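All values derive from a computational prediction rather than experimental measurement. Note: hydrogens, waters and symmetry copies are ignored here, and every other heavy atom, side chains too, is used.
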Amino acid sequence: MMSRKTWTRLVLSTTVTTGLYLGGAMSVKADPIAIAPNSTYQTLLSGRSGGDIKTADCGFVSRTPNHTIRLDNSIDSMTIGVETDQGRPTLLIDGPDGRFCVQARQNKIAEITGLWPSGTYLIRVGDLEGKRANYTLNINQ
């Protein structure tokens, strides 16, 4: 067994909302995934972008986060990106360093790479144009 310092635990939970479920969002939590720092790691999550809340900088987002990521230790370099089949996706991320928005440029991909301090990250996948589209969220280390 590796020491706690050499492993990072990445915990993902997903909030899934369907058009037929009228009572609100249903939470689905994933089992913890242990990854070694500086290793090759990738996970794909999916859902529907957009929502009823209009933000000043990140378009339309849902009231509840689409995904929650908890890092028990900092990760030196990780990329989170979202790709949709239509619209202009955004990532609204609330984390230990504050709130930030990533917008898609001319394509249908919004992506951010950097140092991720330990803590909890609430991720909302929005859309600048107010569209609701299928998305794939890609997390790479």
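Taking 4.5 Å as the limit, some side-chain heavy atom of Leu71 sits within range of a side-chain heavy atom of Met78.
Among residues at least two apart or in separate chains, ring pair (Phe, Tyr, Trp, His ring centres under 6.0 Å) pairs with a member in residues 91-118 are Trp116-Tyr121. For residues 57-68, the set of pairs meeting the salt bridge (Lys or Arg N to Asp or Glu O under 4.0 Å) definition, not counting sequence neighbours, comprises Asp57-Arg99. Listed by first and then second residue, the side-chain hydrogen bond (donor to acceptor under 3.5 Å, both in side chains) pairs involving residues 78-87 are Thr79-Thr113 (not counting sequence neighbours).
Across all their heavy atoms, Gly87 and Lys108 have their closest contact at O-CG, 3.6 Å. Across every non-hydrogen atom of Leu91 and Ile80, the tightest pair is CD1-O, 3.7 Å.
Residues meeting the side-chain contact (heavy atoms from CB on, under 4.5 Å) test with Asp97, sequence neighbours left out: Pro117. Residues satisfying the side-chain contact (heavy atoms from CB on, under 4.5 Å) criterion with Ser118, sequence neighbours excluded, are Ser74. Applying the side-chain contact (heavy atoms from CB on, under 4.5 Å) test to Arg132 and every residue at least two apart in sequence or in another chain returns Arg48, Asp52.
Of the options Val125, Val102, Asn138, Thr136, a side-chain contact (heavy atoms from CB on, under 4.5 Å) to Val82 is made by Val125 and by none of the others.
Atom CD1 of Ile123 and atom CG of Leu45 lie 8.5 Å apart (nearest 0.5 Å). A distance of 10.5 Å separates CZ in Arg88 from NZ in Lys131, rounded to the nearest 0.5 Å.
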